[in-house]
Amino acid sequence: VAPAAGVTDVHVVFLNLALAVVGVPSSQDRPPVPGERSDLSLRTPLARWGMRTHVTVYPGGGYLPGTSERVVQELGARVTTIFTSVPEVKTSWPGAVDTRVPVSTTFYRPGRAQDDDRLRLAFVGDDKPRKGLAVLLAALRGVDGDWTLDVVGPHARHAEALAHFGNRVAVHGWLEPSALQPVLQRCNVVVAPATRDLQEDGYGDVGMVDGFPTTASLIAMLSGCCLVGCNPNSLASPLRDGDWIPVPERDSSALSGALRTLAADPGRRRRTAERGRATVVAAYDVTTVVGDKLRRMVLVA
């Protein structure tokens with residue numbers, strides 16, 4: 001079907017799936033990649049029809065800090081392009097091309113919460129330690145005044161800590177974009193105290209750290225929220241000073257202080273949110289990111 005439809009190129013996201021699709025064999029000479037499989041290879045039909053393969057390697061999807069350079073090099077030798085935002089991937093494969101997470105800059109729009117002088121906080125993500133909800137909840141014990149928090153994602157393990165704040169906190173579980181949009185529009189600060197999953201956390205994906213900024217942070221910024229958070233891997237980003245409020249990872253006192261500062265200075269919160277949104281629109285729009293990829297694939301002029 002694909003050749004008849006004129007398909008010439010295949011794009012795969014995440015390291016573990018890419019290894020499977022292009023048929024990079026597992027080996028005793030390198031550590032296994034989490035989630036790596038041997039039953040999804042498309043190597044034969046890709047070769048038969050002369051289809052080129054392009055891969056995006058984000059943090060996660062089998063890629064962890066310390067992943068063997070050999071894995072990336074074996075993948076690079078079998079594909080046309082590696083797109084990535086991970087510095088170590090670019091070190092292992094110097095021909096890798098920088099890319100960003102694409103988001104819709106038209107669907108997520110600011111709501112009226114930006115005019116509210118009170119803190120209307122949002123936290124969006126799953127319950128892995130690296131998302132930082134435990135740090136946020138510890139920080140909020142030091143934030144007085146009239147604030148609210150909307151938590152989006154599965155967070156049953158934090159139920160007791162969340163209940164401590166009573167009706168200041170609303171927990172939503174996972175939300176589809178159409179339901180997530182109004183939740184974010186009633187918030188004016190997104191808190192993303194990212195870190196890496198550690199052995200002592202007792203759960204999560206040990207060693208895993210998310211990219212920066214996360215997709216959740218980006219869509220919240222598009223919704224008019226000021227980003228307060230961490231960039232634990234010091235990843236390069238279009239976000240600059242004044243676009244967001246950085247805090248040290250796993251430092252609830254510093255986070256508490258940052259939130260108190262924003263509560264006392266709504267004008268700074270609004271200015272930061274406006275600048276951050278403008279940068280996200282300019283740098284992360286899906287048409288911009290995908291257009292850059294297609295040009296790199298030599299699929300458009």
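For the numbers below, each heavy atom of this structure counts, side chains included, while hydrogens, waters and symmetry mates do not.
- Between Phe14 and Tyr58, the ring planes lie perpendicular to each other; the angle is over 60°, past the 30° to 60° tilted range.
- The minimum heavy-atom distance linking Trp93 with Ala77 is given by the pair CH2-N, 3.6 Å.
- Here Lys293 pairs with His11, Thr56 under the side chain to side chain donor-acceptor pair (under 3.5 Å) rule; sequence neighbours left out.
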Exercise for the section: Would you sort out whether Val12 and Val10 count as a side chain to side chain contact (heavy atoms under 4.5 Å, CB included), showing the intermediate values? Expected result: CA-CA 7 Å; Val12 186; Val10 174; 4.0 Å; yes
Problem - Chi angles and distances behind the side chain to side chain contact (heavy atoms under 4.5 Å, CB included) call for Thr84, Asp98 - result: CA-CA 5 Å; Thr84 192; Asp98 281 309; 5.5 Å; no
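- Side chains of Trp147 and Leu149 form a contact here, defined as non-hydrogen atoms less than 4.5 Å apart.
- Under the 4.5 Å side-chain heavy-atom criterion for ILVMFWY residues, no single connected hydrophobic cluster contains both Phe83 and Leu46.
- Heavy atoms from other residues, nucleotides or ligands lying under 6.0 Å from CH2 of Trp174 number more than 12.
- Between Leu235 and Gly211, the shortest heavy-atom distance links the atoms CD1-CA, 3.7 Å.
- Listed here is the closest heavy atom pair of Gly76 and Ile82: CA-CD1, 3.7 Å.
- Of the charged side-chain nitrogens involved, none lies within less than 4.0 Å of a carboxylate oxygen, so that Glu274 and Arg270 do not count as a salt-bridged pair.
- At least one side-chain heavy atom of Leu299 sits under 4.5 Å from a side-chain heavy atom of Arg52.
- With hydrogens and angles disregarded, no donor-acceptor distance shorter than 3.5 Å links the side chain of Ser223 to the backbone of Cys225.
- The two residues Gly62 and Val33 have their closest heavy-atom pair at O-CG1, 3.3 Å.
- Distance check, rounded to the nearest 0.5 Å: CG of Leu227 to CD1 of Ile245 gives 8.5 Å.
- In this structure a side-chain-to-backbone donor-acceptor pair under 3.5 Å is present from Gln181 to Phe107.
- The CZ atom of Phe212 sits 9.0 Å away from the SG atom of Cys230 when rounded to the nearest 0.5 Å.
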Practice task
Report the C-alpha separation of Val55 and Thr81 in whole Å, then their side-chain angles, then the decisive distance to 0.1 Å, and conclude whether the side chain to side chain contact (heavy atoms under 4.5 Å, CB included) test is met.
Solution key: CA-CA 6 Å; Val55 175; Thr81 318; over 6 Å; no
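- Side chain of Arg269 to backbone of Gln114: a donor-acceptor contact under 3.5 angstrom is found.
- By the 4.5 Å heavy-atom criterion applied to side chains, Leu75 and Val22 are counted as neighbours.
- A cation-pi geometry, defined here as NZ or CZ lying under 6.0 Å from the six-membered ring centre and within 45° of its normal, holds between Arg157 and Tyr203.
- The CG atom of Asn233 lies 9.5 Å from the OG atom of Ser85; values are rounded to the nearest 0.5 Å.
- In this structure, Glu88 CD and Ser68 OG are separated by 13.0 Å, a value rounded to the nearest 0.5 Å.
- Within the structure, every pair that satisfies the salt bridge (charged side-chain N to carboxylate O under 4.0 Å, His left out) test and touches residues 204-225, not counting sequence neighbours, is listed here: Arg130-Asp205, Arg130-Asp210, Lys131-Asp210.
- Apart from Val298 itself, the hydrophobic cluster it occupies contains nothing, where clustering links Ile, Leu, Val, Met, Phe, Trp and Tyr at side-chain heavy-atom distances under 4.5 Å.
- Identified under the salt bridge (charged side-chain N to carboxylate O under 4.0 Å, His left out) test for residues 242-260, with sequence neighbours left out: Asp201-Arg250, Asp243-Arg275.
- Residue pairs meeting the salt bridge (charged side-chain N to carboxylate O under 4.0 Å, His left out) criterion with at least one partner in residues 134-145, sequence neighbours excluded, are absent.
- For His54 and Asp9, the side-chain atoms include at least one donor-acceptor pair closer than 3.5 Å.
- Checking Ser256 against Ser253 by side-chain atom types alone, no donor-acceptor pair falls below 3.5 Å.
- With hydrogens and angles disregarded, no donor-acceptor distance shorter than 3.5 Å links the side chain of Arg295 to the backbone of Val290.
- Residues Val89 and Met208 do not share a hydrophobic cluster, defined by chaining ILVMFWY side chains whose heavy atoms lie under 4.5 Å apart.
- Not one N or O on the side chain of Thr67 forms a donor-acceptor pair closer than 3.5 Å with the backbone of Tyr63.
- Residues Ala139 and Val143 come closest through the heavy atom pair O-CG2, 3.6 Å.
- Under the 4.5 Å side-chain heavy-atom criterion for grouping Ile, Leu, Val, Met, Phe, Trp and Tyr, Met221 is not connected to Leu262 through any hydrophobic cluster.
- The environment of Arg78 atom CZ is dense: over 12 non-hydrogen atoms of other residues, nucleotides or ligands sit within 6.0 angstrom.
- For the atom pair CG (Leu137) and NE2 (His155), the distance works out to 9.0 Å, reported to the nearest 0.5 Å.
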List the atom pairs, donor and acceptor, that lie under 3.5 Å between side-chain atoms in residues 183-194 and the rest of the protein, sequence neighbours left out.
residue	atom	partner	partner atom	Å
Gln185	NE2	Arg109	O	2.9
Arg186	NH2	Asp150	OD1	3.1
Asn188	OD1	Arg120	N	2.9
Asn188	ND2	Ala113	O	3.1
Asn188	ND2	Arg118	O	3.0

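- A distance of 7.5 Å separates CZ of Arg100 from OG of Ser237, quoted to the nearest 0.5 Å.
- The shortest non-hydrogen separation linking Gly23 to Ser41 is CA-OG, 3.7 Å.
- More than 12 heavy atoms of other residues, nucleotides or ligands shown are found within 6.0 angstrom of CD on Glu200.
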Exercise for the section: Might you work through the side chain to side chain contact (heavy atoms under 4.5 Å, CB included) test for Leu140 and Val169, ending with a clear yes or no? Expected result: CA-CA 11 Å; Leu140 287 175; Val169 176; 5.6 Å; no
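- A 4.5 Å side-chain heavy-atom check between Leu198 and Arg196 finds at least one atom pair inside the cut-off.
- Residues Asp127 and Leu133 are not in side-chain contact: their nearest non-hydrogen atoms beyond the backbone lie 4.5 Å or more apart.
- Contact of the Asn231 side chain with the Pro246 side chain is not registered, since no non-hydrogen atoms from C-beta on lie closer than 4.5 Å.
- The same ILVMFWY cluster, assembled from side-chain heavy atoms under 4.5 Å apart, contains both Trp244 and Val124.
- Using a 4.5 Å heavy-atom threshold, the side chains of Pro3 and Met51 count as touching.
- There is no path of hydrophobic side-chain contacts, each under 4.5 Å, that joins Val57 to Val97.
- Between Leu259 and Leu136, the closest side-chain pair of non-hydrogen atoms falls below 4.5 Å.
- For Arg268, the CZ atom is loosely surrounded, since the number of other residues' heavy atoms within 6.0 Å does not exceed 12.
- Under a 3.5 Å cut-off, the side chain of Glu36 and the backbone N or O of Asn16 do not form any donor-acceptor pair.
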